[in-house]
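Keep in mind it's a predicted model, so treat the numbers as computed, not measured. Residues take their numbers from the sequence shown, with the count starting at 1. Numbering of ligands and ligand atoms starts at 1, following listing order.
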Amino acid sequence: MYNNITITSYDHKGQGIAKVEGKIIFVPNTIVGEIVNIKITKEKKNYMEGKVTAIIKESPTRVKRICPYYEDCGGCDLLHLPYDEQLKYKENKIKNIVNQYLKEKIEITSIVSSDQQLNYRNKVTFQADKENIGFFSKKSNKIVNIDSCLLLDKSLNNYLKELKKSNCFEKKKIILRTNGKQVLDNEDKIIKTIGKYQFKVSLTSFFQINDNVTLKMYEKIKEYCNLSKDDNVLDLYCGIGTIGIYLSELCKKVLGVEINEQAIKDANENKKLNKIDNITFIADNVNKVIDKLNFKPTIIIVDPPRAGLDTKTINQIIKFKPKKLIYTSCDPMTLVRDLKILKDHFKIEQITPFDMFPNTYHVECVCLLTKK
Ligand SMILES: C[S@@+](CC[C@H](N)C(=O)[O-])C[C@H]1O[C@@H](n2cnc3c(N)ncnc32)[C@H](O)[C@@H]1O
């Protein structure tokens, strides 16, 4: 137990950091400047983890418990911070990671905010057992039973209410996706709209979870590409073809590559739905096919999962010598790891962070690189 400890900074997961007797303590749900009493929950050689037992000096900006599940549920990390402080935290986090790992001056724009800070999620995965339906708790596989979640689109919360009434929790995982009108809970498809395009998306295919930020992000990708009719765009990790289709009318050809076969089926339907004829999709592992593509890209867009790019993919991107590479990332640590290699061949022009996931520590980035 430590008393009267001042929180001095945040870690990459939005936890407060304090220092006691030369050792760092990570303390969730705290704000820089607050003075707290801490119970140690884990002690390692170089650091400790703690839990607040009392707030001695509370930050005047603290947002008071707006969710009854906040302390147990693993969904949110920053619900206690006002939105402008969340944005500041995320922007600084990207700056710190970039400075620390790339060690050169790179332009990072202001973070692009989300129009909705609550009820923005269009997809949810509930965990269930015989008695509970909700989310895994922060540090275990215990299910925190919930009646509704502040981050979910209202239609998903209404669906949860009905699900609870029906008392049928025979599934372990319940995945739902919505377009605000119709909730999808099986293998059918739902129609989503981004700008002037419509997209059919199956439950098992990837689709960005915050619609208003997705539109802003795709607009930034379009701006970074600054396409002409001579450009051939390679859209790697293309999901259901959203980015490629969004850009298709501005360039000569698009080739999308995606590992999930169902997503590629959706992508081909989306090509027809939007009457696009200059786009082709390949269902395969980027790593396996990247050196066999019969395509000369002038611009490459990558939007990999959290793991980022593998060495073979990076090497082939370098070999393609595109005039631009646009790297969309949901994990700044793997982004900087990959940029460290790419920067010998490309100039890192700018990084724009996006608040795709308000109230969590997660942040999306789009990075523009140009050939050196
Ligand atoms: C972050 S999502 C991006 C999807 C799309 N760009 C969008 O904006 O909706 C990453 C996608 O990469 C796919 N993926 C993961 N590993 C892959 C691999 N090795 N090869 C090809 N696609 C992969 C996933 O199935 C997922 O659809």
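- Contact analysis puts Asp284 in contact with ligand 1, with a non-hydrogen atom separation below 4.0 angstrom.
- Lys220 forms a cation-pi arrangement with Tyr224, by the criterion of a distance under 6.0 Å to the ring centre and an angle within 45° of the ring axis.
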**Request:** Could you please spell out the steps behind the side chain to side chain contact (heavy atoms under 4.5 Å, CB included) verdict for Val363 and Asp355?
**Result:** CA-CA 6 Å; Val363 54; Asp355 193 21; 5.7 Å; no
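- Considering only non-hydrogen atoms, atom 8 (O) of ligand 1 lies nearest to Tyr218 out of Tyr218, Tyr246, Phe207.
- The closest approach between Cys238 and ligand 1 falls below 4.0 Å for a heavy atom of the residue.
- Annotation: atom 12 (O) of ligand 1 to nearest protein heavy atom, Tyr237 CB, 3.4 Å.
- Here the protein heavy atom with the shortest distance to atom 10 (C) of ligand 1 is Asp303 O, 3.2 Å.
- Residue Pro305 has at least one heavy-atom neighbour below 4.0 Å for each of these atoms of ligand 1: 15 (C), 16 (N).
- With ligand atoms numbered from 1 in the order given, ligand 1 contributes 18 (C), 20 (N), 21 (C) to contacts under 4.0 Å with heavy atoms of Val286.
- Not a single heavy atom of Asn287 sits closer than 4.0 Å to an atom of ligand 1.
- Listed by number with element, the atoms of ligand 1 under 4.0 Å from a non-hydrogen atom of Thr242 are 7 (C), 8 (O), 9 (O).
- Remark: the Asn212 side chain and the Tyr120 side chain contain no N/O donor-acceptor pair separated by less than 3.5 Å.
- Aromatic ring pairs are classed by plane angle as parallel below 30°, tilted from 30° to 60° and perpendicular above 60°; the pair Tyr89 and Tyr10 is perpendicular.
- In this structure, the protein non-hydrogen atom closest to atom 11 (C) of ligand 1 is Glu258 OE1, 3.5 Å.
- For the pair Lys372 and Asp344, the salt-bridge criterion is not met [side-chain N within less than 4.0 Å of a carboxylate O].
- Taking the centre and axis of the six-membered ring of Tyr70, the NZ or CZ atom of Lys138 falls inside the cone set by 45° and 6.0 Å.
- Every atom of ligand 1 is numbered from 1 in the order shown, and the set under 4.0 Å from a heavy atom of Asn285 is 18 (C), 19 (N), 20 (N).
- Counted by atom type alone, Asn119 and Asp153 present zero donor-acceptor pairs between their side chains at under 3.5 Å.
- When only modelled atom types and interatomic distance are considered, Asp129 and Asn132 share a side-chain donor-acceptor pair under 3.5 Å.
- In terms of protein heavy atoms, atom 21 (C) of ligand 1 is closest to Ile259 N, 3.2 Å.
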